[in-house]
Asker: 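What follows is a structure written as structure tokens; I'll ask about it next.
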Amino acid sequence: MNREENLNQLSNKDKIWDIAVIGGGSSGLGVALDAVSRGLSVALFEKADFAKGTSSRSTKLLHGGVRYLAQGDVFLVLEALKERGRLIKNAPHLTQSQAFIIPVYNFWDRVQYSAGLKIYDYMSANLSLGPSRYISKEETLKRMPGIEPKNLFGGIVYYDGQFDDSRLALSIAQTADHAGACILNYTKVTSLHKNDQGKLTGLNVQDEISKKKYPIQARMIVNATGVFADKILQMDNPEAPKTIQPSQGIHLVLDQSFLGGKDALMIPKTKDGRVLFAVPWHGKLVVGTTDTLREKAKLEPEALQKEIDFVLETASGYLTRKPTREDVKAVFAGLRPLARPKEGSTKTKEISRSHKVILSESGLVSITGGKWTTFRKMGEDTVDYFPKVTGLNLPDSKSQDILLHGYSKEIAGGHWKIYGSDAQKIQDLAKENPAWAEKIHPDFPNIGAEVIWAVRKEMAQKVDDVLSRRIRMLILDAQAALDSADKVARLMAEEMDKEEAWIKAELEDFQKTASKYLIKT
Ligand SMILES: Cc1cc2nc3c(=O)[nH]c(=O)nc-3n(C[C@H](O)[C@H](O)[C@H](O)COP(=O)(O)OP(=O)(O)OC[C@H]3O[C@@H](n4cnc5c(N)ncnc54)[C@H](O)[C@@H]3O)c2cc1C
């Protein structure tokens, strides 16, 4: 992906894009991918970095959602299981099967969870990642040495998918870009254009780095801005009612030794009726999440103290070594773009988590809600509106068979896995300069060549882009990321031909961002 080349495409004022997408999270990228699979021309604008919003802050599970099954949302679960299977096939370098263990404390728990998970297995059909089964107390303790043995009856093992969310976003962006889409980060949509009939004809976009503005013409405009969807709906119609209710979920990152083994812990019912996961990920343990209504949509939401206490307290109930604030390597918060509940109700848990496509009178198509797991289907359902909005024919979607950027049958080991077929190219790059072969931080395997690669091939513009979403150090260990920032900024500055002032400004910016991922003890 080359940002300059893509920006140059915007200078052609006569060009009419079939689809202009606002938002570079999983939803917008899913739209771009599906559109290129049908031969449409697409431009995608992301005001910050790809997946800077909710799409880099998920629990990183590709799942049908066992809890949605318990809520009777069978259609949502079936759809997600199908998409889970497709994604594992199309992006094996960014996904994997993960075993989960539900600890059970009595015979009734065993019967109840076993039955539910058998239905889940059955619904997965030929896309199942493995059958669920009951295991004894001894086996549960052997597989998860950190689990509290007191009153434990046994465990139920089941399988779901796991992935690297921001890396997957990047891979989708690269796939769409290579197929002809014009994909751009740091481009903010500032206004919409309409004709005399009040129908949308295009938009204004600003390059957030050069501050240059571009008028864009498009046949269909998609609002895929997640928790920010109402801002675009109101840009289209100042009278538009609010449709989104942000609901915050936080995760704490601990040392993996708190649980031990390779399996993930799934707690199906916490004190307040939620699900809590503790999942091994990139050598650490990601524990979450919460469900807290928030009024404002923010790109960098902050965890509340009560959310941190809740996660620590709940995890402590299941672990022999009780984690404290001092043990937390990083905390990250994300906002779910839930459909706003009807007047009078404030309970987001009751709202269906399935996605919704809204067609406004102006022709604006908004895609809201949903899950990372179903991003492709969400894209397909959105692009299906093209004939209705434009009156033009639409070829069938082929996105379900597209192999995503980096796809390879031979997957590299260790931290190189996420790069797929690019892994060898980055290792070759490291041979060109001794500084690029050096580690960025002594506790992490990442090397300088990954920073250079992120700038050259992955459109990284800022230190945060590299440390947070190209390599995941910020959410794995916020202090390590802070300690690495100077090295990363200098590598980037040399590659991007930037001065000392740029380095200083970047470091100040990153310090501000990273402070939100550190826990005050
Ligand atoms: C705590 C938590 C855990 C989750 N866990 C899972 C999970 O394990 N598995 C799963 O499948 N799903 C999970 N989800 C759901 C999933 O993460 C979200 O559904 C998905 O990421 C939403 O993506 P999005 O593209 O709609 O929104 P976002 O990722 O927020 O993207 C919207 C983008 O629009 C951009 N934007 C806004 N305004 C403009 C503008 N004017 N111009 C240009 N760009 C603009 C923003 O910068 C942003 O990047 C989780 C969600 C949360 C909150």
Side-chain angles (χ1 to χ4, degrees), residues 20-32 43-65 67-68 76 79-80 83-84 87 98 160-163 165-166 168-169 172 184-192 203-208 221-235 244 246-251 264 274-275 277 279 281 286 288-292 294 297-301 303 307 311 332-338 348 353-356 366-379 382 469:
V21 184
I22 316 173
S26 63
S27 308
L29 290 163
V31 173
L44 177 143
F45 306 110
E46 163 53 53
K47 73 174 175 183
D49 187 26
F50 308 119
K52 166 82 181 176
T54 305
S55 297
S56 57
R57 300 153 190 275
S58 76
T59 314
K60 290 105 177 72
L61 301 182
L62 296 172
H63 58 166
R67 75 188 144 136
Y68 305 131
L76 175 67
E79 184 176 71
E83 291 302 318
R84 178 188 78 176
L87 200 47
Q98 170 69 50
D160 239 327
Q162 190 190 33
F163 73 124
D165 48 11
S166 66
L168 180 62
I172 303 165
L184 283 159
N185 57 2
Y186 295 101
T187 45
K188 181 175 180 175
V189 171
T190 52
S191 59
L192 303 171
L203 47 81
N204 275 324
V205 65
Q206 172 166 294
D207 176 358
E208 291 290 87
I221 295 176
V222 174
N223 171 14
T225 53
V227 280
F228 303 96
D230 285 339
K231 285 206 172 148
I232 305 295
L233 282 161
Q234 284 167 0
M235 205 183 261
I244 298 291
S247 156
Q248 180 160 294
I250 72 144
H251 292 89
R274 295 176 193 149
V275 170
F277 291 101
V279 193
W281 192 69
V286 177
T289 180
T290 51
D291 197 347
T292 315
R294 301 302 301 250
K298 283 183 178 175
L299 259 189
E300 277 293 353
E307 292 182 295
V311 175
F332 60 94
L335 297 174
R336 293 178 195 87
L338 297 187
T348 59
R353 303 265 161 128
S354 56
H355 62 273
K356 216 160 110 186
S366 301
I367 169 78
T368 63
K371 295 151 71 95
W372 230 124
T373 309
T374 53
F375 83 96
R376 191 211 60 83
K377 181 70 169 77
M378 291 167 68
T382 309
R469 289 168 299 280

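Each ligand, and each atom within it, is numbered from 1 in the order the structure gives. These values consider heavy atoms only, across backbone and side chains, with no hydrogens, waters or symmetry-generated copies.
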Asker: Would a 4.5 Å heavy-atom cut-off, applied to side chains only, mark L61 and D160 as touching?
Answerer: no

Asker: Ligand 1 versus S247, non-hydrogen atoms closer than 4.0 Å: side chain, backbone, both, neither?
Answerer: neither

Asker: May I ask you to check whether S55 and D165 show a side-chain donor-acceptor distance below 3.5 Å?
Answerer: no

Asker: Knowing that exactly one of K298, R57, E307, R336 qualifies, which makes a side-chain hydrogen bond (donor to acceptor under 3.5 Å, both in side chains) with Q248?
Answerer: E307

Asker: Taking N or O atoms only and a 3.5 Å limit, does T59 qualify as a polar contact for ligand 1?
Answerer: yes

Asker: Compare G23, G25, S166 and give the one whose heavy atom is closest to atom 34 (O) of ligand 1.
Answerer: G23

Asker: Please report whether ligand 1 has a polar contact with T289, defined as an N or O pair separated by less than 3.5 Å (distance criterion only).
Answerer: no

Asker: Which ligand 1 atoms, with their elements, are less than 4.0 angstrom from a heavy-atom of T187?
Answerer: 43 (C)

Asker: Can you pull out the closest protein heavy atom to atom 11 (O) of ligand 1? Residue, atom name and distance to 0.1 Å, please.
Answerer: T373 OG1, 2.6 Å

Asker: Is the contact between K60 and ligand 1 made by the side chain, the backbone, both, or neither, using heavy atoms and a 4.0 Å cut-off?
Answerer: backbone

Asker: Starting from atom 16 (C) of ligand 1, find the nearest protein heavy-atom neighbour and note its residue, name and distance.
Answerer: W372 N, 3.6 Å

Asker: Which distance, rounded to the nearest 0.5 Å, do you find between the OG1 of T373 and the CE of M378?
Answerer: 10.5 Å

Asker: Do you know which two heavy atoms are closest between F332 and S58, and how far apart they sit?
Answerer: CE1-O, 3.8 Å

Asker: Write out the residue and atom name of the closest protein heavy atom to atom 44 (N) of ligand 1, then the distance separating them to 0.1 Å.
Answerer: K47 N, 3.0 Å

Asker: Got the closest protein heavy atom to atom 24 (P) of ligand 1, with its distance?
Answerer: S27 OG, 3.3 Å

Asker: Compute whether any side-chain donor of one residue and acceptor of the other, for T190 and N204, lie under 3.5 angstrom apart.
Answerer: no

Asker: Can you tell me which portion of F45 lies within the under-4.0 Å heavy-atom range of ligand 1? Options are side chain, backbone, both, or neither.
Answerer: backbone

Asker: Please could you name the atoms of ligand 1 that G370 approaches to less than 4.0 Å, counting only its heavy atoms?
Answerer: 19 (O)

Asker: Is there a side-chain contact between V279 and K60 (heavy atoms, below 4.5 Å)?
Answerer: no

Asker: Looking at CZ of F50 and CG of L184, how far apart are the two atoms once the value is rounded to the nearest 0.5 Å?
Answerer: 7.0 Å

Asker: Please evaluate residues M235 and N223 with respect to the criterion side-chain contact (heavy atoms from CB on, under 4.5 Å), reporting the C-alpha separation (whole Å), side-chain torsions for both, the decisive distance (0.1 Å), and the verdict.
Answerer: CA-CA 11 Å; M235 205 183 261; N223 171 14; over 6 Å; no

Asker: Using a 4.0 Å cut-off to any heavy atom of G249, which atoms of ligand 1 qualify?
Answerer: 1 (C)

Asker: Looking at ligand 1, is there an atom of it that comes within less than 4.0 Å of some heavy atom belonging to H63?
Answerer: yes

Asker: Around atom 20 (C) of ligand 1, find the nearest protein heavy atom and jot down its residue, atom name and distance.
Answerer: S26 OG, 3.4 Å

Asker: Checking the N or O distance criterion of under 3.5 Å, is ligand 1 in contact with D49?
Answerer: no

Asker: Distance under 4.0 Å to a non-hydrogen atom of I22: what atoms of ligand 1 satisfy this?
Answerer: 40 (C), 42 (N), 43 (C)

Asker: Is E208 salt-bridged to K188, cutoff N-O under 4.0 Å?
Answerer: no

Asker: Does R57 approach ligand 1 within less than 4.0 angstrom via side chain, backbone, both or neither, non-hydrogen atoms only?
Answerer: backbone

Asker: Are any of the N/O atoms on E46, whether in the backbone or the side chain, positioned under 3.5 angstrom from an N/O atom of ligand 1?
Answerer: yes

Asker: If we only count heavy atoms from C-beta on, is the E300 to K52 side-chain gap below 4.5 Å?
Answerer: yes

Asker: What is the nearest protein non-hydrogen atom to atom 13 (C) of ligand 1, stated with its residue, atom name and distance?
Answerer: S58 CB, 3.9 Å

Asker: Where is the tightest heavy-atom contact between A48 and L299, given as atom of each residue plus distance?
Answerer: CB-CD1, 3.8 Å

Asker: Identify, by atom number and element, the atoms of ligand 1 in contact range of L299, meaning under 4.0 Å from any of its heavy atoms.
Answerer: 47 (O)

Asker: In terms of residue, atom name and distance, what is the protein heavy atom nearest to atom 38 (N) of ligand 1?
Answerer: T225 CG2, 3.6 Å

Asker: Answer yes or no: does an N/O atom from V189 fall short of 3.5 Å to an N/O atom of ligand 1?
Answerer: yes

Asker: Any atom of ligand 1 sitting under 4.0 Å from a heavy atom of I232?
Answerer: yes

Asker: Side chains of T374 and E79: donor-acceptor distance under 3.5 Å anywhere?
Answerer: no

Asker: May I ask you to check whether H251 has an N/O atom sitting below 3.5 Å from an N/O atom of ligand 1?
Answerer: no

Asker: Show, in sequence, the C-alpha distance, side-chain angles and deciding distance for L87 and F375, and conclude whether the side-chain contact (heavy atoms from CB on, under 4.5 Å) test is met.
Answerer: CA-CA 10 Å; L87 200 47; F375 83 96; 3.8 Å; yes

Asker: Looking only at heavy atoms, what is the nearest atom pair of A333 and P301, with distance?
Answerer: O-CG, 3.5 Å

Asker: When rounded to the nearest 0.5 angstrom, what is the spacing between CH2 in W281 and OG1 in T59?
Answerer: 11.0 Å

Asker: Measure the shortest side-chain to side-chain distance between V286 and Q162 over non-hydrogen atoms and say whether it is less than 4.5 angstrom.
Answerer: no

Asker: Below 4.0 Å from ligand 1: does a non-hydrogen atom of A224 turn up there or not?
Answerer: yes

Asker: Can you list the ligand 1 atoms lying under 4.0 Å from a non-hydrogen atom of G334?
Answerer: 53 (C)

Asker: Of all the atoms in ligand 1, which lie at a distance below 4.0 Å from a heavy atom belonging to R336?
Answerer: 1 (C), 51 (C), 52 (C), 53 (C)

Asker: To check your reading of the model: name the closest protein heavy atom to atom 7 (C) of ligand 1, its residue, and the distance in Å.
Answerer: L61 O, 3.5 Å

Asker: Can you list the atoms of ligand 1 that are under 4.0 Å from a heavy atom of S55?
Answerer: 20 (C), 21 (O), 22 (C), 23 (O), 24 (P), 25 (O), 28 (P), 29 (O)

